[in-house]
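Residue numbers start at 1 and run along the sequence shown. None of the values given here were measured: they were computed from a predicted structure.
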Amino acid sequence: RDWPINATTYSIIMLRRNKFKHPPPGGKLRQITSGDWSVESAAWSLDGQSVFLTGNPEEDADLTFVRNLYAVRIASGRRKKLCGLPGGLSDPAPSPDGKTVAFLGNDHRKSFGTNTGVYLVPSTGGRPKNISKHLDLDIAQSLNADSRAASPFFGPVWSPDGRTVKFLATVKGATHLLLDIHTGNLDAYSSGDRTLESVSYSADHTTGAYTEMSPTRLAEAWIWRQGGRGKRLTPKIVDSVPTIKKWLRRQFESLIFSY
């Protein structure tokens with residue numbers, strides 16, 4: 001199977017990324033986008049004939065937050081704009097029937113106070129619809145900590161039947177995995193002061209694997225099964241705060257004795 005990958009090229013003032021098609025082992029890379037602009041995220045169409053990607057090829061792209069969603073035909077490289085948002089968009093995900101694309105976006109209506117939302121747009125192009133607006137939540141993992149360099153970005157994920165979209169959102173200082181049903185209902189897959197990230201689902205979505213951390217514990221791998229509670233997969237990691245204190249004490253004592 002062919003896989004899209006990011007390849008990096010350098011200009012005088014900044015880094016640019018274009019999209020290449022990666023063939024099976026032993027094949028040759030073929031570039032499917034070009035120009036002085038960055039492809040920021042991408043996803044295959046269900047028929048494998050196109051790639052949905054995000055970016056801004058305009059000359060003033062570095063002076064604006066505007067980002068667009070495109071569909072690029074693999075065979076010809078022809079690019080079609082599906083939609084755009086003034087505050088940016090990322091992480092396209094086609095629905096199971098291929099008729100809709102979900103993505104994270106920001107319409108910048110309240111400037112920097114605007115929440116990032118989950119949007120839907122027809123796969124042929126059209127006006128994007130914010131399906132999470134009524135929640136008044138900033139979608140995506142928006143917590144930070146010194147115990148890890150960065151969190152993997154997690155975009156919207158369709159359920160196998162195409163009726164629901166899963167995503168991450170930060171609620172009262174904790175990041176939970178939430179389920180937005182088209183009726184507007186909301187369900188949380190976890191509770192407590194913890195952050196969930198790097199989530200992956202089984203084909204039928206009855207099982208999910210994810211990493212979880214808290215203000216005093218380092219990230220650990222967990223598994224969740226439908227109708228049950230989360231279960232830790234990795235050995236329990238000691239509290240990070242006491243561990244750091246012990247390490248600092250040893251370093252301090254070593255410094256005194258060596259002096």
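- If you take SG on Cys83 and CZ on Arg127, they are separated by 11.5 Å, rounding to the nearest 0.5 Å.
- You'll find the side chain of Ser200 stays beyond 4.5 Å of the side chain of Tyr210, heavy atoms only.
- Judged by distance alone, the side chains of Arg67 and Thr54 never bring a donor and an acceptor atom under 3.5 Å apart.
- From His108, atom NE2 reaches atom OG1 of Thr116 across 11.0 Å, with rounding to the nearest 0.5 Å.
- Not a single donor-acceptor pair under 3.5 Å links the side chain of Asn115 to the backbone N or O of Gly117.
- In this structure a side-chain-to-backbone donor-acceptor pair under 3.5 Å is missing from Glu58 to Asp60.
- Within the 3.5 Å criterion, the main-chain N or O of Val118 finds a donor-acceptor partner in the side chain of Ser132.
- Residue Ser123 comes nearest to Gly98 through the heavy atom pair OG-O, 2.9 Å, listed as atom of the first residue, atom of the second, then distance.
- Tracing side-chain contacts under 4.5 Å through hydrophobic residues (I, L, V, M, F, W, Y), one never reaches Leu53 starting from Val101; they form parts of separate clusters.
- The side-chain heavy atoms of Arg79 and Val72, taken from C-beta on, include a pair separated by under 4.5 Å.
- Atom CD1 in Ile32 sits 11.5 Å away from atom CZ in Arg73 (nearest 0.5 Å).
- Here the shortest heavy-atom pairing between Pro156 and Ala93 reads O-CB, 3.5 Å.
- Between Ser41 and Ser90, the closest side-chain pair of non-hydrogen atoms falls below 4.5 Å.
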What's the verdict on side chain to side chain contact (heavy atoms under 4.5 Å, CB included) for Arg225 and Thr207, showing C-alpha distance, side-chain angles and the deciding distance? CA-CA 4 Å; Arg225 288 186 172 86; Thr207 305; 3.9 Å; yes

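- With Thr64 contributing its side chain and Val66 its backbone, the two residues share a donor-acceptor pair below 3.5 Å.
- When all heavy atoms of Leu120 and Ala102 are compared, the closest pair comes out as CD2-CB, 3.6 Å.
- Of all heavy-atom pairs between Glu220 and Trp222, the closest is O-CD1, 3.4 Å.
- Between Ile139 and Ala169, the shortest heavy-atom contact is CD1-CB, 4.1 Å.
- Considering only heavy atoms from C-beta on, Lys166 comes within 4.5 Å of Tyr201 through its side chain.
- Members clustered with Phe65: Phe112, by chain and number, using a 4.5 Å side-chain heavy-atom cutoff among hydrophobic residues.
- Minimum interatomic distance between Val121 and Gly126 (heavy atoms only, all atoms of both residues): CG2-O, 3.5 Å.
- At a threshold of 4.5 Å between side-chain heavy atoms, the hydrophobic network of Ile, Leu, Val, Met, Phe, Trp and Tyr places Val165 and Leu137 in one connected group.
- No cation-pi contact links Lys80 to Tyr70, judged by a cut-off of 6.0 Å to the six-membered ring centre and 45° from its axis.
- Separating the CZ atom in Phe103 from the CG atom in Leu85 is a distance of 5.0 Å, to the nearest 0.5 Å.
- No donor-acceptor pair closer than 3.5 Å links the side chain of Ser38 to the backbone N or O of Glu40.
- How far CD1 of Ile223 is from NZ of Lys231: 8.0 Å, rounded to the nearest 0.5 Å.
- Looking only at side-chain heavy atoms (C-beta outward), Pro94 and Lys99 stay at 4.5 Å or farther from each other.
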Run Asn68 and Leu89 through side chain to side chain contact (heavy atoms under 4.5 Å, CB included) and show every step you take. CA-CA 7 Å; Asn68 303 317; Leu89 57 82; 5.7 Å; no

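- Looking at Asp107, Asn106, Leu69 one by one, the single match for side-chain contact (heavy atoms from CB on, under 4.5 Å) with Tyr119 turns out to be Asp107.
- Panel note: side chain Asn130, backbone Lys133; a donor-acceptor pair is recorded below 3.5 Å.
- Atom CD1 of Ile131 and atom CZ of Phe167 lie 7.0 Å apart (nearest 0.5 Å).
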